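What follows is a set of notes on a single structure, which appears directly below.
Hydrogens, waters and symmetry mates play no part in the numbers below; they use all other heavy atoms, side chains included. Proteins get letters first, then strands, A, B, ... in listed order; numbering begins at 1 in each. This structure is a prediction, so every number in the text was calculated from the model and none was measured.
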There are 2 protein chains.
Amino acid sequence: MPDTAPISRIRSGRRTDIRQQNERMILDAAERVFAEAGFGGATMQLIADMAGLPKANLHYYFPTKEALYRRVVRNIFEIWLDAASSFDDAAGPVEGIGAYVEAKMLISRQHPHGSKVWATEVMHGAPVIQDYLETTLRDWTEGRIAVIQRWIDQGQMAPIDPRHLLYMLWATTQHYADFGHQIETLNAGHPLTDRQWREATESVKQIILRGIGAL
Amino acid sequence: MPDTAPISRIRSGRRTDIRQQNERMILDAAERVFAEAGFGGATMQLIADMAGLPKANLHYYFPTKEALYRRVVRNIFEIWLDAASSFDDAAGPVEGIGAYVEAKMLISRQHPHGSKVWATEVMHGAPVIQDYLETTLRDWTEGRIAVIQRWIDQGQMAPIDPRHLLYMLWATTQHYADFGHQIETLNAGHPLTDRQWREATESVKQIILRGIGAL
DNA sequence: TCATTTTCTGACCGTATGGTCAATACGAAA
DNA sequence: TTTCGTATTGACCATACGGTCAGAAAATGA
């Protein structure tokens, strides 16, 4: 209707919109399929069907299956890293680790497929994201170890090996995404309710915070 | 040479030996390949090569890829269940959960491939072992929950939701197998040493036992 | 030695998959 | 309307894979 719509938005916006929208649909579908079937088991045809596009159109946006997979894995990794900030601006372990657990539990609930893709990738020896592990993740880990060590030195928690504490944080929170199907089966076949998610988060927080002597 | 070798052993033993030996080699190779490539990514050819047999010979012992996969998953599940006994004959949480953590950490170290196959299977929605989840695992879980609840009622530990405690035990111990590659990368590229495995086990035990108020 | 059962294997087949391509449709600017 | 770059798609191809099979080769027992 408005004939005075912003030129810039129309000029470069419209086309980019189509591209962005299709890429998003493809990435969402790919995340699900890769999570449920693995890289080898996933087929471009199934991803295409799920995204509502012909298969040839997929290859227009993502040249190869591996390129598509790379993007999916990278997306998850970035979501993960964002949750890390919870850690930094915290005065002590109760606040910092508590917030980190909450953030990661939320991701497990909102991005279960992504978590599974990541887990599978690592289990297969990280053929695609080995460089991330050796650079970004390693740096991040060192930084957090330093933070935890400081808390220990300040007497805010017991002298736990920070490395194993981090592994435990990752393991417990991601378990609710990666093994969600098993948990659901053991929950009489029903997905966890809001209340159960809260209880899970609180249980994890309490056990770990008490376990490291921070409570 | 000895013409008086036990008849019974030769009669039914020899042939079974060949069969058992080959099945074992195939299962070991299959476990590795399935763990590293997933069901879809694994190829019968690769499993055959790794077992040192022609592909057609595989199909002589295991009619289909899925049959082979089923056997691999079942084997792991049974190893897992054996570790459960640590739980039962224990007077309290320190002894019971401590022994369980140690048993499961040992399995993570000795059967990392099996753990990965199991994890992948569950992440894919347990298409092959859903019945196990709904029967054996569910029963086992209920039994352990009762044990933990008794410990709580007896005041031997804090009132933690037993279910989430179990999930935490599974998550933390299996993490050292399933994410072994990531841990190795963060360990300067070296596998954990004996000492590091002991430290990991102790860290997990301490945090959890203190976390549930059992220490 | 001979007969029988088990084990082994190369060659082969149908199918499914990742990827290509030429042709077409579409949208924006002139 | 014409032009031009972007987006779309059906048809097609080469390959790789799971699985089959007939027959050879061992192993076993008489």
Side-chain angles (χ1 to χ4, degrees), chain A residues 1-27 29-30 33-34 36-72 127-128, chain B residues 1-27 29-30 33-34 36-72 127-128:
Chain A
M1 284 288 244
D3 55 356
T4 56
I7 296 175
S8 66
R9 201 168 128 232
I10 286 189
R11 175 141 37 130
S12 67
R14 259 279 202 260
R15 286 193 177 157
T16 313
D17 276 359
I18 292 178
R19 173 152 234 129
Q20 279 187 343
Q21 186 178 332
N22 281 340
E23 285 186 352
R24 165 85 0 232
M25 296 194 66
I26 293 170
L27 284 170
V33 174
F34 282 134
E36 287 168 4
F39 179 82
T43 70
M44 295 296 269
Q45 186 63 62
L46 185 57
I47 296 172
D49 292 347
M50 197 162 290
L53 297 171
K55 194 186 69 169
N57 210 353
L58 245 70
H59 284 96
Y60 173 72
Y61 288 105
F62 299 93
T64 66
K65 186 183 178 182
E66 189 177 323
L68 178 54
Y69 177 75
R70 276 178 191 275
R71 275 287 299 273
V72 170
V128 165
Chain B
M1 282 293 241
D3 55 355
T4 57
I7 296 176
S8 67
R9 200 167 128 234
I10 286 187
R11 175 137 41 127
S12 68
R14 259 275 200 263
R15 286 193 177 158
T16 313
D17 277 359
I18 292 178
R19 175 153 233 129
Q20 279 187 342
Q21 187 178 333
N22 281 340
E23 284 185 354
R24 164 87 359 234
M25 296 195 65
I26 294 170
L27 284 170
V33 174
F34 282 134
E36 287 167 5
F39 179 82
T43 70
M44 294 297 269
Q45 186 63 61
L46 185 57
I47 295 172
D49 292 348
M50 198 162 290
L53 297 172
K55 194 187 70 168
N57 210 355
L58 245 69
H59 284 96
Y60 173 70
Y61 288 105
F62 298 93
T64 66
K65 186 183 178 184
E66 191 177 320
L68 178 54
Y69 177 76
R70 275 177 191 275
R71 276 286 298 272
V72 170
V128 165

- Message: Quick check against the 3.5 Å criterion: does Lys65(B) have a side-chain atom that pairs as donor or acceptor with the backbone of Ala42(B)?
- Response: yes
- Gap between atoms CD1 and P, on Ile26(A) and dT9(D) respectively (whole Å): 11 Å
- According to the interplanar angle, ranging from 0 to 90°, do the rings of Phe34(B) and Phe39(B) count as parallel (below 30°), tilted (30 to 60°) or perpendicular (above 60°)? parallel
- Query: Among dG18(D), dA7(D), dG18(C), which is the nearest nucleotide to the side chain of Lys55(A)?
  - Reply: dG18(C)
- Message: Please compare Ala56(A) and Tyr60(B) by the position of their nearest nucleotide in DNA chain C and report the one closer to 5'.
- Response: Tyr60(B)
- Message: With a 4.0 Å cutoff (strictly under), does any side-chain N or O of Asn22(B) reach OP1 or OP2 of dC8(C)?
- Response: yes
- Query: With a 4.5 Å heavy-atom cut-off, do Met25(B) and Tyr61(B) have their side chains touching?
  - Reply: no
- Query: To the nearest Å, how far apart are Ile18(A) CD1 and dA25(C) P?
  - Reply: 17 Å
- Message: In whole Å, I'd like the distance from the CG atom of Asn57(A) to the C1' atom of dT6(D).
- Response: 11 Å
- When the distance from CD of Gln21(B) to C1' of dT6(C) is rounded to whole Å, what number comes out? 15 Å
- Task: Take atom CD of Gln20(A) and atom P of dA7(D), then tell me their distance rounded to the nearest Å.
- Result: 11 Å
- Euclidean distance, atom CD of residue Gln45(B) to atom C1' of dC17(D) [Å, nearest integer]: 10 Å
- Task: Taking only the side-chain nitrogens and oxygens of Arg19(B), find out if one of them lies under 4.0 Å from OP1 or OP2 of dT6(C).
- Result: no
- Item | Length of the CE-C1' vector between Met25(B) and dT7(C), whole Å | 15 Å
- Task: Output the single nucleotide from dT9(C), dT20(D), dA7(D) whose closest atom is nearest the side chain of His59(B).
- Result: dT20(D)
- Query: Which of these nucleotides, dC17(D), dG19(D), dT7(C), is closest to any side-chain atom of Thr43(B)?
  - Reply: dC17(D)
- Message: Distance check, rounded to the nearest 0.5 Å: Glu23(B) atom CD versus Leu68(B) atom CG?
- Response: 10.0 Å
- Contact check, side chains of Leu27(B) and Arg71(B), non-hydrogen atoms, under 4.5 Å: yes
- Note on the structure: Considering only heavy side-chain atoms of Pro54(B), the closest of dT7(C), dG18(D), dT9(C) is dT9(C)
- Item | Distance, rounded to the nearest Å, where Asp49(B) contributes CG and dC17(D) contributes C1' | 13 Å
- Query: Ala67(B) near the nucleic acid: base, sugar-phosphate alone, or nothing, with a heavy-atom cut-off under 4.0 Å?
  - Reply: nothing
